[in-house]
Amino acid sequence: MLTSDDLAFFSVLSGSKSLAESARKLNVTPPAVTQRLRALEEKAGVRLIDRSGRSLRLTEEGSLVASHSVIVSDAIHSLAEALADRRGAVRGHLRVAAPHGFGRFYVAPVVEAFAREHGSATATLQLSDHPSALLVESYEVVVHIGASAHLDQVVTTLAPNPRILCASPEYLASALPISTPADLARHRCLVVRENEEDVTLWRFKGSQQESATVRVNPIMSSNDGAVVRDWALAGQGIMMRSEWAVAEDLAEGRLWQVLPNWKLPPADIVAILGSRHGRSARTTAFLTMLRQSLKPLPWRANRAASPCE
């Protein structure tokens, strides 16, 4: 009778291009893999892999065993996860996705701290220009900035994140005055194209709750927020960015806030949770650490009022 160890071994084989690759994955020698495969085929009573060519090719019976190997492996993994969660044990592999900039500065240190504190767990951090477009079910936590399009997923807010209109002092000193949102139509504007959002339609809410909408004609655009920030610092125009991305520049006077009495729609920092992992002990532990790292908001810690505020 085949055992779970047999199925786990064959699952590695079926996912490899050669016996040598399987040996590397299993951390054994190629002859050891060949010997174990031969013993497995004798136990099964059928040939599982056609080794006549240069690459591994599953026989019909091998494909059947491979498909059941995945089912059994998933079942064993799910059982281990459930038992660990009942004990409150933090173990297994944590998969996190986040935007490049925010992920590098604020998520990566937490992933490192998580792995250091929980020795029985491992972790992967995938940085992406558009993390919410990734398959949410492949990740336990997807950190996202702004409203989530995944209405069928569990979404939890991690931190508030106002958007701020800003430009360099040099640009503002030489440009036409800006007293209302309508004035922006006569200015050089810079935009970040990170997702499907209409980034050239800027919406504002005044101090008396009055609304204003402006369609800007960007002089330059990029899918990289850091690039647009550099353009703004170089005096190329006005940009709309998240508070976390420009707080230090505002505090140091490298950028000045434009139209401070008019508010833009916020882009709160949220976590989208995969439904399979939303209540796992490691997900809970990681989210707790991530929330703690964002209280108080690190980008506001040393921020002083800029000259235009």
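The environment of CD in Glu112 is crowded: more than 12 heavy-atom neighbours from other residues, nucleotides or ligands sit within 6.0 Å. When the shell of 6.0 Å around CD of Glu210 is examined, it contains more than 12 heavy atoms from other residues, nucleotides or ligands.
The same ILVMFWY cluster, assembled from side-chain heavy atoms under 4.5 Å apart, contains both Ile269 and Phe105. Leu64 and Leu37 are not part of a single hydrophobic cluster, where members link through side-chain heavy atoms under 4.5 Å apart.
Looking only at distances, no side-chain donor or acceptor of Ser211 sits under 3.5 Å from a matching main-chain atom of Lys205. Remark: side-chain polar atoms of Glu140 are paired, donor with acceptor, to backbone N or O of Arg95 under 3.5 angstrom. At distances below 3.5 Å, not a single donor-acceptor pair connects side-chain atoms of Ser242 with backbone N or O atoms of Ala245. Between the His93 side chain and the Ala121 main chain, no donor and acceptor come within less than 3.5 Å of each other. A side-chain donor-acceptor contact under 3.5 Å links Glu41 to the backbone of Leu48.
Just one of Leu13, Val33, Val12 meets the side chain to side chain contact (heavy atoms under 4.5 Å, CB included) condition when paired with Lys25; it is Val12. The side chain to side chain contact (heavy atoms under 4.5 Å, CB included) with Trp202 is formed by just one residue from the set Leu259, Thr213, Leu165; it is Leu165.
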Checklist entry - Under the side chain to side chain contact (heavy atoms under 4.5 Å, CB included) criterion, do Leu58 and Phe10 qualify, and how do the steps go? => result CA-CA 11 Å; Leu58 299 179; Phe10 195 73; 3.7 Å; yes
Next on the checklist: One pair to check against side chain to side chain contact (heavy atoms under 4.5 Å, CB included): Val90 and Glu117. What are the steps and the verdict?
Outcome noted: CA-CA 10 Å; Val90 178; Glu117 182 170 327; over 6 Å; no
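A side-chain donor-acceptor contact under 3.5 Å links Ser22 and Ser16. Checked by atom type, the side-chain pair Asp6/Ser4 shows no donor-acceptor distance below 3.5 Å. For the residue pair Arg193/Ser222, the side-chain donor-acceptor check at 3.5 Å is not satisfied.
Looking only at side-chain heavy atoms (C-beta outward), Lys43 and Leu2 come within less than 4.5 Å of each other. Looking at Leu290 and Phe286, their side chains come closer than 4.5 Å, going by heavy atoms from C-beta outward. Counting heavy atoms from C-beta outward, Val216 and Ile238 have side chains that stay 4.5 Å or more apart. Using a 4.5 Å heavy-atom threshold, the side chains of Ile145 and Pro99 count as touching. Under the 4.5 Å side-chain criterion, counting only non-hydrogen atoms from C-beta, Val107 is in contact with Leu125. Side-chain contact between Gln236 and Ile219 is absent, with no heavy-atom pair separated by less than 4.5 Å. No side-chain heavy atom of Val270 sits less than 4.5 Å from a side-chain heavy atom of Thr156. In this structure, the side chains of Met239 and Leu255 come closer than 4.5 Å at one or more pairs of heavy atoms.
Taking the six-membered ring where tryptophan is involved, the planes of Tyr106 and Trp299 are perpendicular, since the angle between them exceeds 60° and thus also 30°.
Salt bridge annotation for Asp50-Arg47: absent, with no cationic side-chain nitrogen under 4.0 angstrom from a carboxylate oxygen.
With sequence neighbours excluded, the residues forming a side-chain contact (heavy atoms from CB on, under 4.5 Å) with Ala226 are Asp224, listed by chain and number. Residues satisfying the ring pair (Phe, Tyr, Trp, His ring centres under 6.0 Å) test with Phe9, not counting sequence neighbours, are none. Ala113 pairs by the side-chain contact (heavy atoms from CB on, under 4.5 Å) definition with Arg116, Met289, not counting sequence neighbours.
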